[in-house]
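For reference, the structure is listed below as structure tokens.
Since we're looking at a predicted model, the values are computed, not measured. All values below were derived from every heavy atom in this structure, side-chain atoms included, with hydrogens, water molecules and symmetry-related copies excluded.
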Amino acid sequence: QDANAQQLSQELEKAGLLNKTKIAEGGRKLRKNWNPSWVVLVGNSLMFFKDPKTQNSDSWKPGNSCPESSVDLRGAQLQWANELSSKKNVFKLRTVTGNEFLLQSDTDTVIREWYSTLQKVIDRLDKE
Ligand code: I3S
């Protein structure tokens, strides 16, 4: 493992499979399109990888495939948003740039862990 990869793996806070849809881009509402996404939290970035079936847990590492999209958590807002979907266990992540994502898991413990981990990172960045 090279130094860069080692440093990144120390900053890896969480990774896993969630259902995701983007609902706004720069404040402009988008049509929902739910898809499973491999979600990786490293430092102050939340990265989404496409088609998790063809990827593995190493795919976020340097030299491997690029994320489909990446979100800067600095100044982001998190809130439970079950009213925004017929699915259960949904929260909304809003970036400072006005991009909004819904993230969902059928497993209560999984979504609660993601929510609290993301909130901790956002709180930590707020204090910097
Ligand atoms: O909030 P909405 O618009 O009722 O969300 C549903 C739709 O986006 C639907 O797509 P079409 O309108 O293109 O058929 C999706 O398939 C649903 O999953 C969306 O609702 P949920 O409740 O699953 O977020």
Side-chain angles (χ1 to χ4, degrees):
Q1 203 182 26
D2 65 66
N4 191 17
Q6 198 175 356
Q7 197 205 339
L8 275 170
S9 53
Q10 282 164 0
E11 294 172 19
L12 173 66
E13 309 231 18
K14 198 167 175 56
L17 194 61
L18 292 176
N19 292 314
K20 185 200 82 168
T21 182
K22 194 174 188 177
I23 58 164
E25 167 88 44
R28 201 173 53 90
K29 200 169 178 278
L30 297 175
R31 186 170 183 173
K32 274 183 190 166
N33 181 24
W34 285 102
N35 277 300
S37 181
W38 181 255
V39 185
V40 176
L41 175 60
V42 180
N44 58 359
S45 292
L46 190 67
M47 297 183 285
F48 302 115
F49 291 84
K50 223 174 192 167
D51 195 9
K53 286 187 206 77
T54 66
Q55 309 236 0
N56 58 44
S57 54
D58 288 338
S59 43
W60 60 275
K61 286 178 181 168
N64 295 339
S65 65
C66 286
E68 182 190 15
S69 60
S70 178
V71 167
D72 184 1
L73 292 172
R74 196 175 294 273
Q77 293 177 320
L78 201 60
Q79 59 186 103
W80 291 108
N82 287 310
E83 77 285 0
L84 296 182
S85 177
S86 61
K87 301 180 195 302
K88 67 169 192 170
N89 299 335
V90 176
F91 64 73
K92 183 171 84 174
L93 177 66
R94 187 187 193 282
T95 68
V96 279
T97 55
N99 293 343
E100 296 184 356
F101 300 87
L102 299 183
L103 294 170
Q104 189 268 344
S105 169
D106 287 336
T107 310
D108 298 10
T109 51
V110 167
I111 202 71
R112 274 197 236 112
E113 277 175 26
W114 270 105
Y115 187 93
S116 68
T117 305
L118 285 170
Q119 192 60 68
K120 269 182 222 152
V121 172
I122 291 168
D123 288 347
R124 187 182 73 209
L125 291 168
D126 279 348
K127 288 187 200 110
E128 279 179 13

Q | Partner residues of T109 under the side chain to side chain contact (heavy atoms under 4.5 Å, CB included) criterion, sequence neighbours left out | A | T107, R112
Q | S116: partners by side chain to side chain contact (heavy atoms under 4.5 Å, CB included), with sequence neighbours left out | A | none
Q. If Ile, Leu, Val, Met, Phe, Trp and Tyr residues are connected whenever their side-chain heavy atoms lie under 4.5 Å apart, and connections chain through other members, are M47 and L17 in the same group?
A. yes
**Q.** Set of side chain to side chain contact (heavy atoms under 4.5 Å, CB included) partners for V96, sequence neighbours left out
**A.** none
Q. Taking only residues at least two apart or on different chains, which pairs with a member in residues 106-128 satisfy ring-ring contact (aromatic ring centres under 6.0 Å, His included)?
A. W80-Y115, F91-Y115
**Q.** Residues clustering with I23 (ILVMFWY side chains joined when closer than 4.5 Å, directly or via others)
**A.** W34, L84, V90, L102
**Q.** Which residues share a side chain to side chain donor-acceptor pair (under 3.5 Å) with S105, sequence neighbours left out
**A.** none
Q) Residues two or more places apart in sequence or in another chain: which of them pass side chain to side chain donor-acceptor pair (under 3.5 Å) with D108? A) K88, N89
**Q.** Counterpart residues, salt bridge (Lys or Arg N to Asp or Glu O under 4.0 Å), relative to K120 (two or more places apart)
**A.** none
Q.
Test of understanding: with side chain to side chain contact (heavy atoms under 4.5 Å, CB included), list the residues that count as partners of E128, not counting sequence neighbours.
A. R74, L125
**Q.** Which residues share a salt bridge (Lys or Arg N to Asp or Glu O under 4.0 Å) with D106, sequence neighbours left out
**A.** none
Q) Taking atom CD1 of I122 and atom OG1 of T117, what is their separation to the nearest 0.5 Å? A) 11.0 Å
(Q) When you group the ILVMFWY residues by side-chain heavy-atom contacts below 4.5 Å and let the links chain together, are L73 and W38 in the same group? (A) no
Q: Using the test side chain to side chain donor-acceptor pair (under 3.5 Å), find all partners of Q77 that sit at least two apart in sequence or belong to another chain.
A: none
Q) Under 4.5 Å between side-chain heavy atoms, hopping through other hydrophobics if needed: is there a path connecting L103 to V121? A) yes
Q | Results of side chain to side chain donor-acceptor pair (under 3.5 Å) for N19 - residues two or more places apart only | A | Q104
